[in-house]
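Side chains included, hydrogens not; waters and symmetry mates left out as well; all remaining heavy atoms used. Because the structure is predicted, anything quoted here is derived from the model rather than measured.
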Amino acid sequence: MMASFLVIGYVFKVADTEGMWVAGRGIGNIENGMAIGANWMSAASYLGLAGLVALSGFYGLAFIVGWTTGYFVLLIFLAAQMRRFGKYTAPDFVGDRFNSPTARALAAFTTLLIAYVYSVGQARGMGLVGQYVFGLDIIPMIVVMMTITVGYLALSGMLGATKNMAVQYTILIVAFLAGVYVVGFSQGYSTVLPQIEYGALIADLGREFSAPFVNQPFYLWVATAFSLIVGTCGLPHVLVRFYTVRSERVARWSCVWGLFFILLLYWASPAMAAFGVDLFQTTTGASAYAAEGGMSGAEGDVIVVLAAQFANLPTWFVGLVAAGAMAAAIATTAGLFITASSAVAHDIYTELVNPDATQRQQVLIGRGTIIGMGALVTVTAFNPPALIGELVAYAFSLAGVVLFPMFFLGLWWENTNRQGALAGMVLGLLIWITSIINSVLPSYIGALGAAAGEGGALVPIYAQYVPPIGAALIGTPLVFIVTIAVSLATPEPPLETKKMVRQCHSPEPMGQQETAADVVGDSTSGSTPADD
């Protein structure tokens, strides 16, 4: 499987920026839907979601609700409009819509931060599965798997990554559904509908698993679900998928297909968690939630694979389930690294540092970024600060509090201006960074840990209402309010910018390579002037 990814990457290798960042804008709706599904269903979905439900019970439902509901918001409010705006990257949209190199730089920084935090969870998932399959230490497995991922990405760019994602989605969904059906049937849990039949187990799995708000309070459940909904709509590697398609109609349909491909796994994930928890208790003789002998975080993160093993299924079948987890982690890492490389090569280097950069220079800078990001993520994944699913949720919270308000207001309110966008983005970054410093870093940095004490947070009341995993519940409305207020108090944006926003909602079809700026803007540059 790993070799096939390298071969596909080589066959579809690219040499120009159009292929590197947006796959030549020639991807169809079903293929893009499969790429969205693979891009989306990372180790956090394949492994981490079942692990979260297994370890946290009812609280894990917040992740399923949040990670799917966001796609309805994307479908209705952002997919087609983003395609009509027609840029390369998320920071590209922010910089051109708000006529601001500073806003572009802030969006590029946020994109890099999201890619970094999100990818650490994927690398950890690769290492855990590699360790399980090959019996080696987790650190060399992380290094090997990340090297293969970085290798094919540096060759192929977005075009090869998209082709690989279609293959990876097929592998991961076949592997996951095969695991759910075979484990459920062979152990007598289910027959033809494990997605529904697993409910018979819930009463036997303990109060921790089935009772609402036992493990986590109601507020955190709502905050987590809300952050994941708006975070879905702010993730750069999700939004860029709509730049790769032929038209806005294809963008909408690829979103529908993507949601369908996602639900195939998400409907089955709680069933696999229930089967895994019951098999864990049967095999070990201890409650999964016991203080001693209970399920560890590492075991929860690979419960999908462990369930197949506990069910005494053939070794090759357990390997198939593990291979699906690897495909899921690699597919998402690919999307994240492509958005990170485009943020550096296109949005920072070309737009801000060297406007005369050749396509060859941009591609080289992009490939260098992929390699550098790969090295940094690999080292961090040796000792991550949280479970896979939680790490990914931190990235969603960041996207929801900083980028989602810019995308939504930028496309739906033409009077949103540069000053408003800058104020909102800075506020969003401050809210998220302070929540991470307050609640996450104390477990990593000795001095902060000593200051935090037993509670684990420097300011407990701030951790309660602005947790890293759900910071968007308070942060996103605040960013909306500040952005709107500052925009109203300062001069309106240029008329050309307003026309671009109106063009994003025009019923008139646009050409495959055409952008809103091409239709209404300067015929020579195709963009509005920066006014920082």
Any Leu398 side-chain heavy atom under 4.5 Å of Val117 side chain: no
Pairwise side-chain contact, Leu259 with Leu75, heavy-atom cut-off 4.5 Å (strictly under): no
Closest non-hydrogen atom pair between Ala54 and Met295, with its separation: CB-SD, 4.3 Å
Greater than 12 external heavy atoms within 6.0 Å of Phe480's CZ: yes
Short side-chain to backbone donor-acceptor contact, Arg124 and Phe382, under 3.5 Å: yes
Test side chain to side chain contact (heavy atoms under 4.5 Å, CB included) applied to Phe404 and Ile229, Leu235, Thr232, Val230, the passing residue: Val230
Short side-chain to backbone donor-acceptor contact, Ser342 and Thr339, under 3.5 Å: yes
Separation between CD1 of Ile433 and CG of Leu113, rounded to the nearest 0.5 Å: 6.5 Å
Pairing residues for Phe275 by the ring-ring contact (aromatic ring centres under 6.0 Å, His included) criterion, not counting sequence neighbours: Tyr189
Donor-acceptor pair, side chain of Thr332 and main chain of Ala329, under 3.5 angstrom: no
Tyr465/Tyr219 aromatic ring centres below 6.0 Å: yes
Under 3.5 Å: donor-acceptor pair, side chain of Ser254, backbone of Ala251: yes
Side chain to side chain contact (heavy atoms under 4.5 Å, CB included) partners for Val144, two or more places apart: Ile148
Flag, side chain of Tyr181 to backbone of Thr191, donor-acceptor distance under 3.5 Å: no
Side chain to side chain, Val402 and Val479, heavy atoms closer than 4.5 Å: no
Spacing of Trp267 atom CH2 and Thr68 atom OG1 [to the nearest 0.5 Å]: 10.5 Å
Any donor-acceptor N/O pair, Gln195 side chain to Ala268 backbone, under 3.5 Å: no
Student check: side-chain heavy atoms of Ile114 and Leu403 closer than 4.5 Å: yes
Check: Ser341 side chain, Ile338 main-chain N or O, donor-acceptor pair, under 3.5 Å: yes
Donor-acceptor contact below 3.5 Å, side chain Ser397 vs main chain Pro468: yes
Exceeds 12 heavy-atom contacts within 6.0 angstrom, atom CZ of Phe213: yes
Flag, side chain of Tyr118 to backbone of Leu336, donor-acceptor distance under 3.5 Å: no
Aromatic ring pairing Tyr169/Phe261, orientation class (parallel under 30°, perpendicular over 60°, tilted between): tilted
Spacing of Phe226 atom CZ and Trp221 atom CH2 [to the nearest 0.5 Å]: 13.5 Å
Ser439 side-chain N/O to Ile436 backbone N/O, donor-acceptor pair under 3.5 Å: no
Contact check, side chains of Gln187 and Leu279, non-hydrogen atoms, under 4.5 Å: yes
Ring geometry between Phe63 and Tyr59 (parallel below 30°, tilted from 30 to 60°, perpendicular above 60°): perpendicular
Parallel, tilted or perpendicular: rings of Phe396 and Trp67 (30°, 60°): tilted
Phe185 atom CZ, neighbour heavy-atom count above 12 within 6.0 Å: no
Rounded distance (nearest 0.5 Å) linking atom CG of Leu478 with atom CG of Leu430: 12.0 Å
Note, Tyr462 side chain near Ser435 side chain (heavy atom, < 4.5 Å): yes
Contacts of type side chain to side chain donor-acceptor pair (under 3.5 Å), residue Thr315, not counting sequence neighbours: none
